[in-house]
Number of protein chains: 2
Amino acid sequence: MAGVGIGTVSRVINNHPSVRAETRARVQQAMEHLGYAPNPHARRVAGGRSYTVSVLLPFVATEFYTRLIEGLEATLSEERYDLALFPLITPKRLERYLRSNTLAYQTDGLIVASYDLTEHFVGGQFPTDRPVVLVDARNPNYDSVFMDNFLGGKLAAEYLARFPGELFFITVEEDIDRIFSHTVFAERRAGFQQGAALAGRTVNPDQIFNTRLSAEGGRLALQSFLRHYKLPFNIFAGADLIALGVLEEVERLGLKLGHDVRLLGFDGQPWTAQHGLSTLAQPVEAMGARAAGLLLERLQNRRAEARQVRFEPHLIERASTLGAQVIESR
Amino acid sequence: MAGVGIGTVSRVINNHPSVRAETRARVQQAMEHLGYAPNPHARRVAGGRSYTVSVLLPFVATEFYTRLIEGLEATLSEERYDLALFPLITPKRLERYLRSNTLAYQTDGLIVASYDLTEHFVGGQFPTDRPVVLVDARNPNYDSVFMDNFLGGKLAAEYLARFPGELFFITVEEDIDRIFSHTVFAERRAGFQQGAALAGRTVNPDQIFNTRLSAEGGRLALQSFLRHYKLPFNIFAGADLIALGVLEEVERLGLKLGHDVRLLGFDGQPWTAQHGLSTLAQPVEAMGARAAGLLLERLQNRRAEARQVRFEPHLIERASTLGAQVIESR
DNA sequence: CTGAAAGCGCTTACAG
DNA sequence: CTGAAAGCGCTTACAG
């Protein structure tokens, strides 16, 4: 249809430089018109690349992963890469992804989210020769993009310590998927405790409530704090989802948000704005984009030194810590 | 290594009948020895089949899906099929899975879990010519394997109505992933209400508690019931996970399980046994296996009429409804 | 800059 | 029953 040989079509598809602009345009028009898209299996058989990247991620359906995937995809799709998602459901399945030559794993590279899975393999290396990038996790041997969760907890404590009233922390100790271990909540907790100590504040064990990652857990936490302490409260919820439950319970009990209870979340979910929830925002999409970028670079240059990219959370102040009036007058 | 041509190796791999048993064994030995596994991309390019099946499933990490996947995989792997999991995160992504010819979607068939997604497409048909099987969902135009959730709710009410005290139901109205709608909880609720009515029992609105799918939601539900009603309670939790929270709260409050509070879950999760939780068990693995079987058959015979396979939940009685003593004396 | 040819790792008639 | 050959839909030197 474009009046060219299939080799030229292939060059257009693969962005080969030596194609005349006019020819390239003609071929692209024809592809558009015909709704043609190349067969990725054939591309892999012929060229050794499938233009697909695997993302191994925990089997937990939080907005964090939705946002992370968006970030990954935005960057990868610019280079015409597709991503295939592989929820890590059992260790057996991890083994399968890595060792078998299942279609599933026949991709060009690997992005591993939230786990440093190297501990599962002898020698601390992934049993693969494909490039691997960690995101929301870190390992010195691999490109890593991670959040400084300790700093997040510390910032939370320092910020909340400026207000009158006791400090509280709601955390999640249980492994989110009961299979692979993760450390983000423990890091936030350690940071929180150090921040509180630096501010000269004590945090008793019953000021720390451990629950599961659910809004209802936040409601139970507030109930528990109320049984043992007097208002006002300064609560750092280890996740926005948990903070949402605190908000619900504050409302149900008729307490005054930003006064009786000052509340700080963690994550910076898009919906926190509507709820007036102060939060330590993680630039999740940016982290995903960066991880995708590292993988793309690594695909070009396999030998470069592993890079460690640290992100910091940033404080977003809203009514849940400042009170409604303060916000209005800004 | 086996002293045969590559064509014969291929015949062995594909279970072609006309290979001598002795030759087959020799080839298999060689494959074993070399750790050889065929390249699925090449298989698809050459033979049109990739021996991979896509599973589209909600992005919710419940044990239901873990078990479902196990059931699917057990059956598919017998026929040397692999499965590729595709969490349905956004409608955009659904579109992508179906329309693009991404590697992701270049599989031999489609298993769709928990949603009748046909509503998203004009004509009520999936835009694909590959076989499609629904599981935990139903549509007359496609092979479907589903649970009779209405019956489940009805059985629950009939069973609990035999005990003294009010009837309660804990449900989840919000869509589990906020994106695609599902109906299982509404069906259980409708069945529960009919069962209660048939048993001559009334269920007031405040005897039904709506929460999210979390253990903590069960704890809040029990708190709510206690504010409005007197013990003893007969509670049907729409999911075992929610029942777990009721158990936790019963213990925290020092109530007597199986007496003050009789509790029935739904799902039949493996861990319910340890907790003495009575439950309406869904044979999830069997449903998965059946769905996989239907797909395998459909791969052979594309024209056969769509089959509808209905599963029923079955009651498992334990201490949470019978009390500890009764169990002991059995 | 572009076409024609070889080749990627398989499957499957076609002979024998 | 089995080997040799053609072909699947691409990519990529190799010529021109």
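Every chain is numbered from 1, with letters handed out A, B, ... down the list of sequences.
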Non-neighbouring partners of [X] that pass ring-ring contact (aromatic ring centres under 6.0 Å, His included), sequence neighbours left out:
| X | answer |
| --- | --- |
| B:Phe311 | none |
| A:Phe146 | none |
| B:Phe64 | none |

Results of side chain to side chain contact (heavy atoms under 4.5 Å, CB included) for A:Ala292 - residues two or more places apart only: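 Only A:Leu72, A:Thr75, A:Leu76 meet the side chain to side chain contact (heavy atoms under 4.5 Å, CB included) criterion with A:Ala292.
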Return the set of residues passing salt bridge (charged side-chain N to carboxylate O under 4.0 Å, His left out) with [X] (not counting sequence neighbours), or none when no residue passes.
| X | answer |
| --- | --- |
| A:Glu78 | none |
| A:Arg138 | none |
| A:Glu79 | none |

Base-paired stems that DNA chain C participates in, counting runs of 3 or more Watson-Crick or G-U pairs under 3.5 Å: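 C:1-3 with D:14-16, C:5-12 with D:5-12, C:14-16 with D:1-3 - these are the stems of 3 or more pairs that involve DNA chain C.
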Selection: residues 21-30 of chain A, any non-hydrogen atom under 4.0 Å of DNA chain D: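 Residues of residues 21-30 of chain A that come under 4.0 Å of DNA chain D do not exist, since none gets that close.
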Under 4.0 Å protein heavy-atom contacts per nucleotide of nucleotides 11-16 of chain C, with B for base, S for backbone only and - for none: BBB---
Residue pairs involving residues 287-298 of chain B (criterion side-chain hydrogen bond (donor to acceptor under 3.5 Å, both in side chains); sequence neighbours excluded):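 Sorted result for residues 287-298 of chain B: B:Asp143-B:Arg298, B:Glu297-B:Arg307.
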Using distance only, find each side-chain donor-acceptor pair of residues 17-31 of chain B under 3.5 Å and give its atom names and separation, not counting sequence neighbours.
residue: B:Ser18; atom: OG; partner: B:His16; partner atom: NE2; Å: 3.0
residue: B:Glu22; atom: OE2; partner: B:Arg26; partner atom: NE; Å: 3.3
residue: B:Arg24; atom: NH2; partner: B:His16; partner atom: O; Å: 2.7
residue: B:Arg26; atom: NH1; partner: B:Ala2; partner atom: O; Å: 2.4

